[in-house]
Structures are given as C-alpha cells and as structure tokens.
Engineer: 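Attaching a single structure in structure tokens format; questions to follow.
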Amino acid sequence: MIEPSEKIWMDGNLVPWDEAKIHVLTHSLHYGSGVFEGIRAYETRKGPAVFRLTDHIARLYRSAKIYTIEIPYTPEELIEATKETVRSSGLPACYIRPLVYLGYGEMGLNPLLSPVNVSIAVWPWGAYLGDEGVTHGVRMKISSWRRHDPNIIPPAAKGTGQYINSQLAKVEAIKAGYDEAILLTSEGYVADGSGENVFIVKDGELYTPDLSTSILPGITRDTVIQIAQDLGYTVVERNIARSELYLADEVFMSGTAAELVPVVEVDDHKIASGEPGEVTRLLQGAFDDAIHGRSERYREWLDVVPAAALKAPAA
C-alpha cells in the first residue's frame, strides 16, 4: 500500500491526500484515456532534487499530443507545480506521478468532449524490483504476451490504458516465479520489460533495442546511454534477438521506477556467471552519483527543491 504524503496537486490546488477524489464516470477510468509520467526526486546535500524534471514534463506533453489531449497548463506551470508538491510533502526523496486524465463530462468513446484534469502525487517509494534485485540481480521471463504494434497503440506515448499490456506480462511472470517480464515485438525481437528498457553487454559494447521496436523512449534509457558513452563505451541501438539475451555477457534493465537493475537469469538461462557484471556495476555507480548530485558533469539533470521542514520517509 502506498504510504501517503500530505497533499496532492489537483488542477491548480494542493488538496489533502484523502480528499483527492474523482467522479465514478470519469472518462479515463472507463476508457484508459490518460497520459502520465513517473519521476523521482532524490536526496542530495542541497535538499530533494528532481531528476530530469524538464525532460519528463516534455515527454508528458508529447504523449498528450499523440492522444489529442490539450493540457490546460504550460510546461513551466507543471514544472513549478511538481516542485511545489515535492516541497509540500517534506520528503527528502520521493516518487512523483503527474497524471493528465479526462474527467467527468461526456461518456462514450469520443474523448474530445470531456474536460482535461491534471494531478501530481508524490510518495516514498524504494527500489521497484527490490533492494535485493538492485544488489544481486533479478530473474526475467520472456512473456507470452507480445508488445503492441506501433500502428495499434503508439509506444512513444506513455498512455494509461496501454499499460494493460504490461500488466498482463508482469502478472504472468510473477505467477511463474520470476521477478519481471521481457516482452517481444510482433516480429519476435526483444522490446522491453513491463516498465523498463533492456540493455545487453557483449564483448565490451552495449546494445539496446531501437525506438522502432515498440518501446517507450525511456529517459533513464537515455541517461544510461549518455553515461555509458561518456565512460567510453560504444552503445548500439538495433534489433536484438531473444537468444542474444541468453548469450550476453551482461543484461540489465533501466527505468525511473526500477532505476538500473542487473539481470542474472532469463528463462532459466543463467547470464554468464549468474552475477551482476562489471559494466553494469560501473554504470550503476555512475548513475547513482548523477542522481544524488555527486557528479558535477550531470548536475544540470537535477532540479533542487529546498524544503523548509523535511520528514523522514516511513519505515
């Protein structure tokens, strides 16, 4: 269960957590017609800092454009609203969920007649795949569910309804005893996890599926590519066959919720030694320095949010 913060930003106002309510006939509740972002604020020496906030809000607007949703605020207003919500929480670190949804107005498939509402919630959230997964790696299953075709559901948009595809894959993997799922494209190439992008390491180079393989253009994915290139690694975006996962020197996943997680097994195939690899560990360390403000090189990725009174997250 989510440990609540004190307030949620809803359509321009901070409201108490328990009063953040919507009507049962909210359009997005029935038809999945919303867009959202997942963002993190990290504890730094200067206070809570939101990681790549401008980039996340820009992607939110791109998603809304694809779904023909007119957000009634400017990007700058939502950036400030995010900071305000983080500040009001008093949390030193938190997960942030901006949501643009179609509210109570007209029912039916036509979304154009429904009002557009915006909310921003924050809460304490640890490692999505667990601290054990971050440290020792996770076990993955190739899902029987395929990633949706780009001409059926637009993968470049982070739409609420399209995550049913990810939920099916996630539940299947968990019930089979794995930590997470990897979905393939309709052509059988590796796409991504239920909520993460995929990387493999082979012979000292990094490979990741390109944007034509029905993947979300992940901001953490982009971060990893930038850091890896800065460290001197070659990063190649191309189609990846399922068997390449089994034969890789290293495999890891990236995402805002998951952060950077080693994969030690796919479909009961041990990856190399079955332990997180050297390149993965190096990237984890560089990523951790970046998100916590210990790296001057990536300081521009952080928006510090001074808070008057910080409170510790719940145990």
Side-chain angles (χ1 to χ4, degrees), residues 37-38 51-52 54-56 58-60 62-63 66 138 140 142-143 146-159 162-163 165-166 169 180-263 266 271-272 276-287 290-291 297-298 301:
E37 275 299 315
F51 187 67
R52 299 194 65 169
T54 299
D55 294 322
H56 277 286
R59 188 173 66 180
L60 181 70
R62 292 195 298 271
S63 296
I66 290 172
V138 296
M140 312 289 290
I142 301 295
S143 180
R146 295 295 177 98
R147 184 56 89 203
H148 34 64
D149 185 278
N151 289 310
I152 296 175
I153 295 287
K158 198 169 174 69
Q162 66 198 67
Y163 273 76
N165 182 227
S166 291
E180 182 57 289
I182 293 178
L183 293 93
L184 305 180
T185 67
S186 56
E187 294 80 19
Y189 293 110
V190 173
D192 50 16
S194 69
E196 310 88 7
N197 292 116
V198 180
F199 287 83
I200 68 172
V201 181
K202 187 68 175 177
D203 298 329
E205 295 188 347
L206 277 69
Y207 299 89
T208 190
D210 63 35
L211 297 183
S212 68
T213 52
S214 298
I215 66 171
L216 180 75
I219 290 171
T220 307
R221 172 185 181 273
D222 179 74
T223 299
V224 170
I225 290 173
Q226 182 66 60
I227 290 174
Q229 290 174 336
D230 290 342
L231 289 172
Y233 290 100
T234 297
V235 182
V236 180
E237 299 177 64
R238 63 162 175 81
N239 286 338
I240 295 175
R242 174 179 183 164
S243 59
E244 290 185 80
L245 295 171
Y246 307 152
L247 300 175
D249 297 328
E250 303 177 37
V251 179
F252 65 88
M253 311 286 282
S254 71
T256 294
E259 299 173 302
L260 204 159
V261 181
V263 176
V266 178
I271 307 302
E278 180 181 343
V279 176
T280 302
R281 287 297 191 216
L282 182 63
L283 290 171
Q284 275 185 314
F287 178 74
I291 61 180
R297 187 170 199 168
Y298 306 115
W301 282 341

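Atoms considered below: every heavy atom in the structure, side chains included; atoms not considered: hydrogens, waters and symmetry mates.
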Engineer: For Arg146 and Thr185, which heavy atoms make the closest approach, and how far apart are they?
Structural biologist: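 Here Arg146 and Thr185 meet closest at NH1-O, 2.9 Å.
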Engineer: Between the side chain of Asn197 and the main-chain N/O of Gly255, is any donor-acceptor distance below 3.5 Å?
Structural biologist: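 The answer is no, because no donor-acceptor pair under 3.5 Å joins these two groups.
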Engineer: Which heavy atom of Ala248 sits nearest a heavy atom of Ile271, and at what distance?
Structural biologist: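 Nearest pair, atom of Ala248 first, then Ile271: O-CG2, 3.7 Å.
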Engineer: For residues 230-260, which residue pairs qualify under ring-ring contact (aromatic ring centres under 6.0 Å, His included), counting only residues two or more places apart or in two chains?
Structural biologist: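 The answer is Phe199-Phe252, Tyr246-His269.
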Engineer: Could you walk me through whether Lys158 and Leu60 pass the side-chain contact (heavy atoms from CB on, under 4.5 Å) test, one step at a time?
Structural biologist: CA-CA 7 Å; Lys158 198 169 174 69; Leu60 181 70; over 6 Å; no
Engineer: Please name the pair of heavy atoms, one in Ser166 and one in Ser194, separated by the smallest distance, quoted to 0.1 Å.
Structural biologist: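 Looking at all heavy atoms of both residues, the shortest contact is OG-O, 2.7 Å.
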Engineer: Tell me whether Ser63 contacts the main-chain N or O of Ala157 through its side chain, where contact means a donor paired with an acceptor under 3.5 Å.
Structural biologist: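 No; zero donor-acceptor contacts below 3.5 Å.
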Engineer: Partners of Ser214 by side-chain hydrogen bond (donor to acceptor under 3.5 Å, both in side chains), sequence neighbours excluded?
Structural biologist: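 Checked Ser214 against side-chain hydrogen bond (donor to acceptor under 3.5 Å, both in side chains); zero matches.
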Engineer: For the side chain of Arg147 and the backbone of Gly193, is there at least one donor-acceptor N/O pair under 3.5 Å apart?
Structural biologist: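 Indeed, once roles are kept as given, a pair shorter than 3.5 Å links the two residues.
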Engineer: Kindly determine whether Tyr298 and Asp230 satisfy side-chain contact (heavy atoms from CB on, under 4.5 Å), including the steps that lead there.
Structural biologist: CA-CA 11 Å; Tyr298 306 115; Asp230 290 342; 2.7 Å; yes
Engineer: Hey, is the main chain of Ile215 close enough, under 3.5 Å, to the side chain of Thr213 for a donor-acceptor pair?
Structural biologist: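 Judged by distance alone, no pair lies under 3.5 Å.
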Engineer: Evaluate the side-chain proximity of Ile142 to Leu245: yes if any heavy-atom separation is below 4.5 Å, no if none is.
Structural biologist: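 Of all side-chain heavy-atom pairs linking Ile142 with Leu245, at least one is under 4.5 Å.
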Engineer: May I have all residue pairs that pass salt bridge (charged side-chain N to carboxylate O under 4.0 Å, His left out) and include part of residues 199-212, sequence neighbours excluded?
Structural biologist: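 For residues 199-212, and leaving out neighbouring residues, the salt bridge (charged side-chain N to carboxylate O under 4.0 Å, His left out) pairs sorted by first residue read Lys202-Asp249.
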Engineer: Quick one: closest heavy-atom pair of Pro262 and Arg281, and the distance?
Structural biologist: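 Closest pair (atom of Pro262, atom of Arg281, distance): CG-NH1, 4.0 Å.
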Engineer: Is there a side-chain contact between Leu260 and Thr220 (heavy atoms, below 4.5 Å)?
Structural biologist: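 No, too far: nothing below the 4.5 Å cut-off.
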Engineer: When you compare the side chain of Val198 with that of Met140, does any pair of heavy atoms fall below 4.5 Å?
Structural biologist: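 They are not in side-chain contact.
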Engineer: Verify, without hydrogens or angle tests, whether Glu259 (side chain) and Phe287 (backbone) share a donor-acceptor contact under 3.5 angstrom.
Structural biologist: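 Here the side-chain-to-backbone pair does not exist.
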Engineer: Would you mind reporting whether Thr223 and Ile291 have side-chain heavy atoms less than 4.5 Å apart?
Structural biologist: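 With C-beta onward as the side chain, the pair stays apart.
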Engineer: Evaluate whether atom OH of Tyr207 has more than 12 neighbouring non-hydrogen atoms of other residues, nucleotides or ligands under 6.0 angstrom away.
Structural biologist: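 Yes - once you tally the heavy atoms of other residues, nucleotides and ligands closer than 6.0 Å, there are more than 12.
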Engineer: Indicate the atoms forming the closest heavy-atom contact of Ile227 with Ala290, along with that distance.
Structural biologist: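 Between these two residues, the closest heavy atoms are CD1-CB, 4.5 Å.
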Engineer: Can you name the side-chain hydrogen bond (donor to acceptor under 3.5 Å, both in side chains) partners of Asp222, sequence neighbours left out?
Structural biologist: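 Applying side-chain hydrogen bond (donor to acceptor under 3.5 Å, both in side chains) to Asp222 gives Arg52.
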Engineer: Quick check for you: to the nearest 0.5 Å, what is the distance between Glu196 atom CD and Glu180 atom CD?
Structural biologist: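 Spacing of CD (Glu196) from CD (Glu180) equals 4.0 Å.
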Engineer: Under 4.5 Å between any side-chain heavy atoms of Glu237 and Arg221, yes or no?
Structural biologist: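 Yes, their side chains come closer than 4.5 Å.
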Engineer: Using the test salt bridge (Lys or Arg N to Asp or Glu O under 4.0 Å), find all partners of Glu244 that sit at least two apart in sequence or belong to another chain.
Structural biologist: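 Result, salt bridge (Lys or Arg N to Asp or Glu O under 4.0 Å) vs Glu244: Arg238.
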Engineer: Could you go through the side-chain contact (heavy atoms from CB on, under 4.5 Å) check for Val190 and Ile200 one step at a time?
Structural biologist: CA-CA 11 Å; Val190 173; Ile200 68 172; over 6 Å; no
Engineer: Who are the salt bridge (Lys or Arg N to Asp or Glu O under 4.0 Å) partners of Glu250, not counting sequence neighbours?
Structural biologist: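 Residues passing salt bridge (Lys or Arg N to Asp or Glu O under 4.0 Å) with Glu250: none at all.
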Engineer: Does Leu206 reach the side chain of Val279, with side-chain heavy atoms less than 4.5 Å apart?
Structural biologist: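 Yes, their side chains come closer than 4.5 Å.
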Engineer: Quick check: closest heavy atoms across Val266 and Val263, and the distance to 0.1 Å?
Structural biologist: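 Between these two residues, the closest heavy atoms are CG2-CG1, 3.7 Å.
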